[in-house]
Amino acid sequence: MYQQSESDPAAAVALAMPGSVRAALWIINIFAVIGVVGTVSLVAFVDAEIAGVNTTGYFFFWVLAVVASFFRRGGNGVRVTAIILAVLQAFVALGSMGANSDVTVDDSAGWYIVRYSPGPFGLLAALAIIVLLCQGSAGRWFKRPRAA
């Protein structure tokens with residue numbers, strides 16, 4: 001997994017991103033794309049107001065996607081930021097699930113819109129991201145020595 005650098009034998013350079021980090025990266029990107037496609041579809045076919053509320057449900061996935069673009073070269077701060085954003089996304093998903101649990105008819109103007117956010121799948125994805133990024137291999141990846 002690690003190889004000695006020719007210029008500095010003491011510095012170890014990681015060869016490949018661990019599977020846990022790659023899996024977290026995939027989950028983040030898939031949900032970010034689902035959020036974009038869903039929001040654009042809602043704007044085009046339903047209502048811009050509903051699409052705006054859908055943006056709230058996927059906002060942290062979109063920010064996570066930006067942070068995930070730094071997974072290859074970022075330090076441990078990138079990992080911590082991603083974990084914090086995943087926790088916030090889990091709270092958003094819990095809120096959407098709670099708002100949807102007692103709505104049976106779409107007669108209230110505010111609460112039914114929340115159903116367009118990721119809901120239980122967003123919660124499961126956020127929890128998976130947290131677990132994957134808290135693994136030891138992910139910690140070693142983000143704390144690895146960097147070549148200058």
Side-chain angles (χ1 to χ4, degrees), residues 1-2 11-148:
M1 175 130 175
Y2 292 99
V13 179
L15 296 177
M17 183 184 289
S20 61
V21 178
R22 276 184 284 154
L25 186 61
W26 273 97
I27 293 169
I28 291 167
N29 288 329
I30 287 170
F31 273 85
V33 168
I34 289 171
V36 168
V37 170
T39 302
V40 170
S41 299
L42 288 171
V43 167
F45 301 114
V46 182
D47 184 12
E49 181 182 355
I50 294 172
V53 175
N54 188 55
T55 301
T56 305
Y58 286 96
F59 176 76
F60 290 113
F61 277 126
W62 296 335
V63 177
L64 267 166
V66 172
V67 170
S69 68
F70 296 101
F71 276 11
R72 292 207 181 274
R73 59 181 178 199
N76 196 44
V78 171
R79 180 176 76 109
V80 172
T81 302
I83 291 169
I84 291 169
L85 289 169
V87 168
L88 293 173
Q89 178 59 51
F91 285 129
V92 168
L94 277 173
S96 71
M97 289 169 45
N100 292 324
S101 64
D102 63 346
V103 176
T104 56
V105 180
D106 290 344
D107 58 355
S108 62
W111 288 107
Y112 78 93
I113 296 173
V114 183
R115 277 190 267 166
Y116 293 103
S117 62
F121 295 112
L123 177 63
L124 292 175
L127 293 175
I129 292 166
I130 293 166
V131 168
L132 290 167
L133 292 179
C134 286
Q135 290 185 356
S137 61
R140 286 188 298 277
W141 169 260
F142 286 103
K143 293 175 185 174
R144 74 191 185 283
R146 306 284 192 291

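Just so you know, residue 1 is the first one in the sequence shown, and it goes up from there. Predicted, not measured: the structure shown is a model, and the values here were computed from it.
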### Message
Tell me which one of Leu85, Leu88, Ile84 satisfies side-chain contact (heavy atoms from CB on, under 4.5 Å) with Leu64.
### Response
Leu85
### Query
Arg144 side chain to Trp141 main-chain N or O, any donor-acceptor pair under 3.5 Å?
yes
### Task
Kindly indicate whether the side chain of Val92, heavy atoms from C-beta on, has any atom under 4.5 Å from the side chain of Phe61.
no
### Query
Are any of the side-chain heavy atoms of Gln89 and Pro118 separated by less than 4.5 Å?
yes
### Query
For Phe71 and Val21, which heavy atoms make the closest approach, and how far apart are they?
CD2-CG1, 3.7 Å
### Task
State, to 0.1 Å, how close Ala24 and Ile129 come at their nearest heavy-atom pair, and which atoms those are.
O-CG1, 4.4 Å
### Task
Decide side chain to side chain contact (heavy atoms under 4.5 Å, CB included) for Phe142 and Val80; before the verdict, give the C-alpha distance in whole Å, the side-chain angles of both, and the deciding distance to 0.1 Å.
CA-CA 10 Å; Phe142 286 103; Val80 172; over 6 Å; no
### Summary
Thr55 meets the side chain to side chain contact (heavy atoms under 4.5 Å, CB included) criterion, sequence neighbours left out, with Thr39, Trp62
### Task
Mind listing the closest non-hydrogen atom pair of Gln135 and Arg79 along with its distance?
O-NH1, 4.5 Å
### Task
Indicate the atoms forming the closest heavy-atom contact of Ser137 with Ser20, along with that distance.
OG-OG, 3.1 Å
Throw together a table of side-chain donor-acceptor distances under 3.5 angstrom for residues 27-37, partners on residues two or more places apart or in other chains.
residue, atom, partner, partner atom, Å
Asn29, ND2, Leu25, O, 3.2

